[in-house]
Colleague: 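The structure under discussion is supplied below as structure tokens; questions concerning it will follow.
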Amino acid sequence: MGKNTNSFQTESTLNLNGRSYTFHSLPKLQKALGEKHNLARLPFSLKILLENLLRQEDGVIVKKETIENLVKWNPKVEPEDEIQFMPA
């Protein structure tokens, strides 16, 4: 898998007890998307999948459009695409 493309500039670092951890911030994603998409309405389980997609975004398997499609999730509509989930 290629390098994370970080299209939405969500990569962040948490420093704890002398160690650094990299994660992707959903508040930063919300800021990048603006008010047209409210991430707070997503179920917790989809927020976990969303963070996973941000972490795995490589422009090949997980594209910017993949992330945007999950953000636009509508519980009343049958999904057209599968969501890539790659637990680490």
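Since the structure is predicted, the reported quantities are computational estimates derived from the model, not experimental observations.
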Colleague: Suppose we screen for side-chain contact (heavy atoms from CB on, under 4.5 Å). Which residues come up paired with Leu33, at least two apart in sequence or across chains?
Modeller: Phe8, Leu29, His37, Leu39, Val71
Colleague: Does His24 reach the side chain of Asn52, with side-chain heavy atoms less than 4.5 Å apart?
Modeller: no
Colleague: What residues form a salt bridge (charged side-chain N to carboxylate O under 4.0 Å, His left out) with Glu11, not counting sequence neighbours?
Modeller: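 Checked Glu11 against salt bridge (charged side-chain N to carboxylate O under 4.0 Å, His left out); zero matches.
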Colleague: How long is the span from the CD atom in Gln56 to the CD1 atom in Ile67, to the nearest 0.5 Å?
Modeller: 10.0 Å
Colleague: Using the rule that Ile, Leu, Val, Met, Phe, Trp and Tyr join whenever any side-chain heavy atoms are under 4.5 Å apart, tell me whether Val62 and Val60 fall into a single cluster.
Modeller: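 Hydrophobic grouping puts Val62 with Val60.
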Colleague: Counting heavy atoms not belonging to Arg41, are there more than 12 under 6.0 Å from its CZ?
Modeller: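 Yes, the 6.0 Å shell around CZ holds more than 12 heavy atoms from other groups.
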Colleague: State, with a plain yes or no, whether a side-chain heavy atom of Lys64 is found less than 4.5 Å away from one of Glu57.
Modeller: yes
Colleague: Has Ser25 got a side-chain atom pairing as donor or acceptor with Phe23's backbone, closer than 3.5 angstrom?
Modeller: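 It does not hold such a pair.
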Colleague: What pair of heavy atoms forms the shortest contact from Lys28 to Gln9, and how long is it?
Modeller: CD-O, 3.7 Å
Colleague: With a 4.5 Å heavy-atom cut-off, do Thr66 and Lys63 have their side chains touching?
Modeller: yes
Colleague: To the nearest 0.5 Å, tell me how far Thr5 OG1 sits from Leu54 CG.
Modeller: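 Nearest 0.5 Å value for the OG1-CG distance: 9.5 Å.
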Colleague: Go through the steps to decide whether Arg19 and Leu14 satisfy the test side-chain contact (heavy atoms from CB on, under 4.5 Å), and finish with yes or no.
Modeller: CA-CA 8 Å; Arg19 294 189 67 184; Leu14 171 68; over 6 Å; no
Colleague: Which residues pass the side-chain contact (heavy atoms from CB on, under 4.5 Å) test with Glu78, not counting sequence neighbours?
Modeller: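 Expected list: none.
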Colleague: More than 12 foreign heavy atoms under 6.0 Å from CD of Glu35: is that the case here?
Modeller: no
Colleague: Examine Ile61 and Leu70 and state if one hydrophobic cluster contains both, with Ile, Leu, Val, Met, Phe, Trp and Tyr joined whenever side-chain heavy atoms are less than 4.5 Å apart.
Modeller: yes
Colleague: Let me confirm one number: the CZ-CG distance from Arg55 to Leu50, rounded to the nearest 0.5 Å.
Modeller: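 Here the rounded value is 11.0 Å.
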Colleague: Mind checking the CG-CG spacing from Leu26 to Leu42? Nearest 0.5 Å is all I need.
Modeller: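 Here the interatomic distance stands at 8.5 Å.
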Colleague: Roughly how far apart are Asp58 CG and Leu53 CG, rounded to 0.5 Å?
Modeller: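 Separation between the atoms: 10.5 Å.
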